[in-house]
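See below for the structure under consideration.
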Amino acid sequence: MTFIVGRRAWSFWATVLVTMALGMVLIGVVTWDFPGPPIGKVVLFVGVPVALIVASRLWVGFGPDGLSIPGVLGRKRIPAEQVQSVSVAQRQVGTLPPTPSLVPQLHMADGSVRELKVLTEYLFVPGARKGFERGMREVAGTLGKPLVM
């Protein structure tokens, strides 16, 4: 699920990694005193921080002045003046059975279309589409651009 908190849209993968980190804490606590290699200590002191650091980068900031998206080194800025509209494309992920997904797209002033793949929503649960569309309406409204469905 994509979560909107303040002026940040947190991706599905960020929530997966945070949930995984919570599971690693449980595993680390349970296996802390197991004989053999220090599995619990490695999970708690390496696995949990790595998962949380990666999750902390998987968000898109939005405001009236534009978008802030994750890049390879740091963050990239997309000014609101360059965006004409926001739309949502539905795709099929090649799993068995195929899983539908929603990908937000930015229609740019130069005629190009940029996909915000970091905010891809996988429709595993029935209510995911409504929440995702509500979040994209908020992003488009904050940018002052129309949302094309």
Side-chain angles (χ1 to χ4, degrees), residues 1-30 40-149:
M1 293 182 77
T2 301
F3 288 105
I4 305 290
V5 180
R7 294 285 180 220
R8 290 185 179 180
W10 291 89
S11 77
F12 166 82
W13 292 111
T15 58
V16 167
L17 286 168
V18 169
T19 304
M20 186 177 75
L22 293 173
M24 285 192 285
V25 167
L26 177 66
I27 289 170
V29 169
V30 168
K41 294 173 181 78
V42 170
V43 167
L44 282 176
F45 297 120
V46 177
V48 172
V50 167
L52 293 176
I53 288 169
V54 172
S56 71
R57 294 187 38 82
L58 298 176
W59 56 272
V60 172
F62 58 94
D65 57 337
L67 295 162
S68 170
I69 60 173
V72 176
L73 297 172
R75 303 196 65 78
K76 294 181 182 177
R77 190 105 184 107
I78 300 174
E81 301 82 42
Q82 292 181 3
V83 179
Q84 286 187 330
S85 65
V86 180
S87 69
V88 177
Q90 184 164 340
R91 304 258 161 61
Q92 293 288 332
V93 179
T95 57
L96 291 175
T99 304
S101 65
L102 300 173
V103 182
Q105 297 178 327
L106 301 175
H107 298 269
M108 307 303 284
D110 63 3
S112 64
V113 176
R114 287 183 78 168
E115 292 188 340
L116 291 177
K117 291 184 181 178
V118 71
L119 293 181
T120 297
E121 179 72 37
Y122 300 93
L123 301 177
F124 295 124
V125 295
R129 178 184 297 274
K130 255 192 226 177
F132 181 77
E133 288 175 359
R134 186 173 43 246
M136 290 303 105
R137 268 192 217 91
E138 186 174 338
V139 170
T142 302
L143 288 172
K145 308 298 178 185
L147 176 65
V148 181
M149 294 303 282

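The structure displayed is predicted, hence computed values, not measured ones.
When all heavy atoms are compared, the tightest approach of Ala21 to Ala51 is CB-CB, 4.2 Å. His107 approaches Ser87 most closely through the heavy-atom pair NE2-OG, 2.7 Å. Residue Val118 comes nearest to Pro70 through the heavy atom pair CG2-CG, 4.1 Å, listed as atom of the first residue, atom of the second, then distance. The minimum heavy-atom distance linking Leu143 with Ala80 is given by the pair CD2-CB, 4.1 Å.
For Pro79, the side-chain contact (heavy atoms from CB on, under 4.5 Å) criterion is met by Glu81, Gln82, not counting sequence neighbours. With sequence neighbours left out, Thr19 forms a side-chain contact (heavy atoms from CB on, under 4.5 Å) with no residue at all. For Val88, the side-chain contact (heavy atoms from CB on, under 4.5 Å) partners two or more places apart in sequence, or in a different chain, are Leu102, Phe132, Met136, Leu147, Met149. Listed by chain and number, the residues in a side-chain contact (heavy atoms from CB on, under 4.5 Å) with Arg91 are Ala89, Ser101, Val103, Gln105, Glu115 (sequence neighbours excluded).
Between Val86 and Leu106 there is a side-chain heavy-atom pair separated by less than 4.5 Å. The shortest side-chain heavy-atom distance between Phe62 and Ile4 falls under the 4.5 Å cut-off.
Residue-environment remark: NZ (Lys76) stays at or below the threshold of 12 foreign heavy atoms within 6.0 Å.
Among residues at least two apart or in separate chains, side-chain hydrogen bond (donor to acceptor under 3.5 Å, both in side chains) pairs with a member in residues 62-72 are Asp65-Arg77, Ser68-Arg75.
A donor-acceptor pair is defined here as one N or O able to donate and one able to accept, closer than 3.5 Å; no such pair exists between the side chain of Lys117 and the backbone of Pro104.
Here the CG-CG distance, from Leu52 to Leu17, works out to 8.5 Å after rounding to the nearest 0.5 Å. The distance from atom CE of Met20 to atom CD1 of Ile27, rounded to the nearest 0.5 Å, is 10.0 Å.
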Please output the side-chain donor-acceptor pairs of residues 7-14 that fall under 3.5 Å, not counting sequence neighbours, one pair per line with the distance.
{"unit_1": "Arg7", "atom_1": "NH1", "unit_2": "Thr142", "atom_2": "OG1", "d": "3.1"}
{"unit_1": "Ser11", "atom_1": "OG", "unit_2": "Trp13", "atom_2": "N", "d": "3.3"}
{"unit_1": "Ser11", "atom_1": "OG", "unit_2": "Ala14", "atom_2": "N", "d": "3.2"}
{"unit_1": "Ser11", "atom_1": "OG", "unit_2": "Leu58", "atom_2": "O", "d": "3.4"}

Practice task
In sequence, state the C-alpha distance, the side-chain angles, and the governing distance for Val139 and Leu119, and then conclude on side-chain contact (heavy atoms from CB on, under 4.5 Å).
Solution key: CA-CA 12 Å; Val139 170; Leu119 293 181; 5.7 Å; no
Practice task
Give the intermediate values and the outcome of side-chain contact (heavy atoms from CB on, under 4.5 Å) for residues Arg114 and Met108.
Solution key: CA-CA 7 Å; Arg114 287 183 78 168; Met108 307 303 284; 4.2 Å; yes
